[in-house]
Amino acid sequence: MLLEGKKLLVTGVLMDSSIAFHVARLAQEQGAEVILTSFGRTFRITQSIAKRLPTTPEVIELDVSDQEHLDTLAERLREHTDHLDGVVHSIGFAPAGAFNFLEADWEDVATAVQVSAYSLKSLTVASLPLMGEGGSVVGLTLDATKAWPVYDWMGVAKAAFESTNRYLARDLGPKGIRSNLVSAGPIATTAARSIPMFEQFEKWGERSPLGWDLRDAEPAAKACVALLSDWFPATTGEIVHVDGGFHAMGF
Ligand code: NAD
């Protein structure tokens, strides 16, 4: 099995539509032990959704905008595991105001950047005491090299997120830890449905040589599992596209 004996921290399981739910499911099927995180009002929802996984994992509290949660993460993780082989960042949030590019105020933009981009650094640093040689950090992006009809400051946050991945690769490489992203096509999750006019992304399939199913998170999740495994030992700072081939096409 691809992840035999590995211990993973998986953030971002909200519903069973969450990309992270499918990462956790496939990771368990591939032999990994998984710990989930959730926070605030969604904590109980995650605990209940976690029961739908092959093995019900522990859920620990983590709001990535709460410094105390980050500062105590390693200590709280140690109650369940002595080390981590991988961390999955599957977190994204922007206030409604951030989806109006010209009108958005700094407060909304700052929240989007803190929760959706800076958190890749803060989650990784908070997990580092349990990680060593061979560790793998994997996050999820939506191609930030383009301006989309919708997405706005979340798109800018994703550009910062993609850059953060490269700097993490630079600083974690000497410790033998990799950092990579999966650039997924649109998937109808809770976060996606909060984007105004998300249905415009339905056109994605028409432009993708392999086609694209907005209701299928498994292709993106499979790529996360592959990057968490030992089968990408010399890959870091990378962005693997799992988008039906959309990014490579002109018309
Ligand atoms: P989702 O709504 O299922 O997951 C988003 C998660 O972020 C939720 O579990 C939520 O609790 C968590 N979160 C939000 N604020 C947080 C905070 N302050 N602290 C900790 N966790 C917080 O949606 P999803 O689509 O599965 O999103 C997962 C990741 O995939 C995000 O980074 C998203 O940008 C990315 N992504 C999504 C799509 C898509 O179309 N759905 C495409 C490409 C990339």
Side-chain angles (χ1 to χ4, degrees), residues 9-25 36-50 59-70 73 87-95 98-99 110-120 122-123 126-127 137-146 148 150-162 164-165 181-195 197-202 204-205 212-221 223-224 239-244 246-247:
L9 180 66
V10 178
T11 64
V13 174
L14 177 58
M15 305 301 291
D16 54 8
S17 58
S18 296
I19 300 170
F21 177 87
H22 296 276
V23 178
R25 176 177 61 79
L36 304 182
T37 71
S38 189
F39 74 106
R41 284 183 296 139
T42 62
F43 192 86
R44 292 181 81 87
I45 301 173
T46 302
Q47 275 183 320
S48 143
I49 293 292
V59 184
I60 63 172
E61 181 94 17
L62 178 66
D63 175 346
V64 287
S65 62
D66 186 322
Q67 194 57 45
E68 198 193 326
H69 287 189
L70 290 162
L73 181 67
V87 174
V88 177
H89 180 290
S90 191
I91 294 169
F93 173 75
F99 292 101
T111 300
V113 171
Q114 181 186 18
V115 175
S116 309
Y118 181 76
S119 63
L120 181 61
S122 48
L123 169 68
S127 309
V137 177
V138 178
L140 285 135
T141 189
L142 183 90
D143 189 353
T145 61
K146 295 171 181 69
W148 299 105
V150 290
Y151 219 40
D152 299 65
W153 286 99
M154 189 65 184
V156 178
K158 283 299 191 195
F161 182 69
E162 292 181 4
T164 303
N165 174 55
L181 302 182
V182 169
S183 183
I187 299 163
T189 61
T190 308
R193 287 198 207 93
S194 72
I195 301 168
M197 300 187 295
F198 177 74
E199 61 281 0
Q200 289 205 23
F201 281 112
E202 293 277 358
W204 198 276
W212 185 256
D213 181 356
L214 270 82
R215 277 149 288 278
D216 187 6
E218 192 165 289
C224 293
I239 301 178
V240 178
H241 291 83
V242 181
D243 62 353
F246 183 103
H247 74 283

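Side-chain atoms are counted along with the backbone in the values below, which use heavy atoms only and exclude waters and symmetry mates. We count ligands from 1, going down the list as the structure has it; atoms in each ligand are counted the same way.
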Report the member of [options] with the shortest heavy-atom distance to [atom].
atom	options	result
atom 31 (C) of ligand 1	I195, T190, I91, I45	I91
atom 14 (C) of ligand 1	A20, G92, G40	G92
atom 3 (O) of ligand 1	A184, C224, S18	S18

Would you say [X] contacts ligand 1, with heavy atoms under 4.0 Å as the rule?
X	answer
K158	yes
S17	no
T141	yes

Query raised in the report: Strictly by modelled atom types, are S38 and T42 linked by a side-chain donor-acceptor pair under 3.5 Å?
Result: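 Looking only at side-chain atoms, T42 and S38 do form a donor-acceptor pair, the distance falling under 3.5 Å.
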
Tell me which protein heavy atom sits closest to [atom], plus the residue, atom name and distance to 0.1 Å.
atom	value
atom 19 (N) of ligand 1	V64 N, 2.9 Å
atom 42 (C) of ligand 1	G185 O, 3.5 Å
atom 29 (C) of ligand 1	S90 OG, 3.5 Å
atom 40 (O) of ligand 1	I187 N, 2.8 Å
atom 4 (O) of ligand 1	G12 O, 3.6 Å
atom 25 (O) of ligand 1	T189 OG1, 2.5 Å

Taking 4.0 angstrom as the limit and counting only heavy atoms of [X], give me the atoms of ligand 1 inside it, by number and element.
X	value
D63	17 (C), 18 (N), 19 (N)
P186	40 (O)
A191	1 (P), 2 (O), 23 (O)
L142	42 (C), 43 (C), 44 (C)
L62	19 (N), 20 (C)

Requested in this report: Tell me which part of V115 gets within contact of ligand 1: side chain, backbone, both or neither, using heavy atoms under 4.0 Å.
Outcome: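 It is the side chain that gets close, since no backbone atom is under 4.0 Å.
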
Validation row: [X], [Y] side chains within 4.5 angstrom (heavy atoms):
X	Y	value
F161	L181	yes
L120	V137	yes
M154	F99	yes
F21	V13	yes
F198	P186	yes

Could an N or O of ligand 1 be found under 3.5 Å from any N or O of [X], whether backbone or side chain?
X	value
M154	no
I19	yes
F39	no

[X] and [Y]: which non-hydrogen atoms are nearest, and at how many Å?
X	Y	result
T141	K158	OG1-CD, 3.6 Å
S183	L142	OG-C, 4.2 Å
A117	A157	CB-O, 3.4 Å
T37	T46	O-CG2, 4.3 Å
V182	V138	CG2-CG1, 4.4 Å

Query raised in the report: Rounded to the nearest 0.5 Å, how far apart are OG1 of T189 and CG of L214?
Result: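 Result: 9.5 Å between the selected atoms.
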
Query raised in the report: Okay, side chain of S48, backbone of R44: is any donor-acceptor separation there less than 3.5 Å?
Result: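 It does not hold such a pair.
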
